[in-house]
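Okay, structure first, notes after.
Just so it is clear, the values below take in all heavy atoms, side chains as well, and ignore hydrogens, waters and symmetry mates.
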Amino acid sequence: MKKQTRVTHPRGVKLIDGNDAVVSPVYRSVKFTYPTLAESLSAESKEHGFDYTRDSNPTTRELELLAADLQDRDDAIAVGSGMAAIWLSLLGNLSAGDRVVIFVESYRPNRVAVRRFLPKLGIEFAMLSVRDLPAIERTFAQNDTKLVLFEAPTNPMLQVPDLEAIVGLAKRHDVVTVLDNTFAGLHNHGRYGIDFFVHSLTKYANGHGDVMGGVVIGDKKRIRAIKPLATNMGSTLDPGAAFMVQRGLKTYYLRYERHSSNALAVAQYLGTRKEVSRVIYPGLPSDAGHALASKQMSDFGGVVTFDLNANEQQTWAFIDALELFVTTASLGSTDSLVSPVKLFLGSDLSAEEQARAQIRESTVRFAVGIEHIDDLIADISQALAKTFG
Ligand SMILES: Cc1ncc(COP(=O)(O)O)c(C=O)c1O
């Protein structure tokens with residue numbers, strides 16, 4: 001073989017039977033082949049084989065199976081971002097003429113998907129409050145309501161939906177439930193009869209703020225029904241990213257535990273400060289969602305939302321004065337982050353809708369990281385002193 005040919009056909013190195021890599025390899029190959037066409041068409045190949053990475057890839061598949069296990073389901077589709085996962089769950093289940101229920105307390109891009117883009121496809125929406133069960137029931141009872149997209153807890157206002165009640169109403173009225181479970185994490189809420197879980201893997205799953213990904217998780221039958229759309233849409237997660245997310249997942253439980261204990265300590269500290277008028281964190285016994293969250297979740301995550309006794313200018317000054325908390329979007333990575341809620345997460349809402357969502361100009365969201373708690377408290381304390389004297 002000439003060297004020009006050799007470089008495109010290097011000698012493959014295969015592990016001998018019984019000689020295994022301890023960490024799974026990254027299969028970067030886009031294409032997979034079989035010795036014969038007949039073998040490529042066998043039932044075994046169709047069920048477990050690989051052809052083309054947009055369809056499936058061993059590295060990505062390993063992540064999908066792991067995510068499904070953690071969420072107590074048996075199948076999943078990994079995609080390029082959390083928003084791609086949201087879109088897959090919407091387009092995979094809806095047709096023109098259908099109605100979607102969304103909540104005013106939700107993550108802004110989830111709202112934007114439903115309010116701005118779905119109507120272009122002839123799909124209408126109703127935007128309710130996640131706490132308004134009578135309105136939810138009335139809307140579910142309308143024949144054209146086909147799907148509810150909700151979050152637990154909601155981003156950024158940390159409202160805790162009653163999962164048993166919402167799932168019960170949805171089943172009664174044949175409404176597909178899609179729970180964006182990014183905040184609660186892969187280890188929470190699996191025992192509820194949710195049809196599809198969606199996660200931004202960019203957050204707690206990867207955990208280091210250096211990879212994007214998303215996943216839709218459900219029972220095999222439901223996942224199989226939307227798989228052809230995922231393949232055709234080309235929303236596939238790159239195997240390199242899948243490997244990074246899976247590496248992050250090895251420390252997922254440790255990190256989530258630390259995010260949660262740090263967030264609780266931050267929430268408690270904020271509650272002692274006169275500059276703070278309200279703290280929202282479902283882990284606080286005084287929080288309106290505490291009883292429900294304690295029933296539904298094993299821990300409460302790293303996000304704390306609060307209001308300052310301040311106008312918008314002072315609120316921004318406080319955010320600018322923080323040194324460890326980095327001003328940016330996102331959450332669930334090792335480092336602590338801060339966002340002005342109205343500016344970053346509420347600007348698509350009218351003043352009336354912001355009021356319904358309880359978003360004020362003084363509302364701040366912390367995504368608490370895994371640093372030493374003493375340093376985080378010291379940073380908040382110095383920023384309060386600098387802003388309020
Ligand atoms: C609740 C929630 N859902 C979905 C997403 C979107 O995820 P991604 O940024 O990976 O597209 C985010 C991102 O912040 C989120 O917080």
Practice task
Using the side chain to side chain contact (heavy atoms under 4.5 Å, CB included) rule, take Val341 and Met157 through it: C-alpha gap first, then chi angles, then the decisive distance, then the call.
Solution key: CA-CA 9 Å; Val341 167; Met157 298 312 288; 4.3 Å; yes
Exercise for the section: Tell me, with the steps shown, if Arg131 and Asp162 meet salt bridge (charged side-chain N to carboxylate O under 4.0 Å, His left out). Expected result: CA-CA 8 Å; Arg131 290 165 300 148; Asp162 185 335; over 6 Å; no
Practice task
For Asp75 and Lys227, run salt bridge (charged side-chain N to carboxylate O under 4.0 Å, His left out): C-alpha distance rounded to whole Å, both residues' side-chain angles, the deciding distance at 0.1 Å, then the answer.
Solution key: CA-CA 11 Å; Asp75 211 349; Lys227 177 71 183 164; over 6 Å; no
Practice task
Any chance you could lay out the salt bridge (charged side-chain N to carboxylate O under 4.0 Å, His left out) test for Lys171 and Asp195, step after step, and finish with the verdict?
Solution key: CA-CA 10 Å; Lys171 295 240 181 285; Asp195 298 324; 3.5 Å; yes
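For residues 309-341, every residue pair satisfying the ring pair (Phe, Tyr, Trp, His ring centres under 6.0 Å) rule, not counting sequence neighbours, is listed here: Phe325-Phe366. Evaluation of the ring pair (Phe, Tyr, Trp, His ring centres under 6.0 Å) test over residues 33-78, restricted to residues two or more places apart or in two chains, returns Phe32-Phe50.
How far OG of Ser95 is from CD1 of Ile123: 7.0 Å, rounded to the nearest 0.5 Å. Put simply, OG on Ser24 and CG on Leu63 are 11.0 Å apart, with the number rounded to the nearest 0.5 Å. Summarising the geometry, atom CH2 belonging to Trp87 is positioned 10.5 Å from atom CG belonging to Asn110; distances are rounded to the nearest 0.5 Å.
Under the rule for a ring-ring contact (aromatic ring centres under 6.0 Å, His included), the partners of Tyr253 that lie at least two apart in sequence or sit in another chain are His187.
Only one option out of Asp72, Asn181, Leu179 pairs with Ile194 in a side chain to side chain contact (heavy atoms under 4.5 Å, CB included); it is Leu179.
Between the Asn206 side chain and the Gly248 main chain, no donor and acceptor come within less than 3.5 Å of each other. Side chain of Thr251 to main chain of Leu254: no donor-acceptor pair is present (N/O by atom type, distance under 3.5 Å, no hydrogens or angles). Checked by atom type and distance alone, the side chain of Glu151 pairs as donor or acceptor with a backbone atom of Tyr107 at under 3.5 Å. Listed for the Gln382 side chain is a donor-acceptor partner under 3.5 Å among the backbone atoms of Asp379. Under the 3.5 Å distance criterion, the side-chain polar atoms of Glu353 are left unmatched by any main-chain donor or acceptor of Val104. With hydrogens and angles disregarded, a donor-acceptor distance shorter than 3.5 Å links the side chain of Thr305 to the backbone of Pro156. Checking side-chain atoms of Ser381 against main-chain N and O of Ile377 turns up no donor-acceptor pair under 3.5 Å.
Taking the six-membered ring for Trp and thresholds of 30 and 60 degrees, Phe150 and Phe103 have ring planes more than 60 degrees apart, a perpendicular arrangement.
With contacts defined as side-chain heavy-atom distances shorter than 4.5 Å, the pair Met83/Met212 does not qualify.
Of all the heavy atoms in Leu158 and Val303, the pair that sits closest is CD1-O, 3.3 Å. The two residues Val160 and Ala293 come nearest to each other via the heavy atoms CG1-N, 3.9 Å. Of all the heavy atoms in Gly82 and Val198, the pair that sits closest is O-CG1, 4.3 Å.
Residues Ser298 and Asn188 have side chains that bring a donor and an acceptor to within less than 3.5 angstrom of each other. Asn93 and Arg222 share no side-chain donor-acceptor pair at under 3.5 Å.
Salt bridge annotation for Glu64-Arg61: present, with a cationic side-chain nitrogen under 4.0 angstrom from a carboxylate oxygen. Ionic pairing of Asp348 and Arg115 is present here: one or more N-O contacts between side-chain nitrogen and carboxylate oxygen are shorter than 4.0 angstrom.
His189 and Phe197 have their aromatic ring centers separated by at least 6.0 angstrom.
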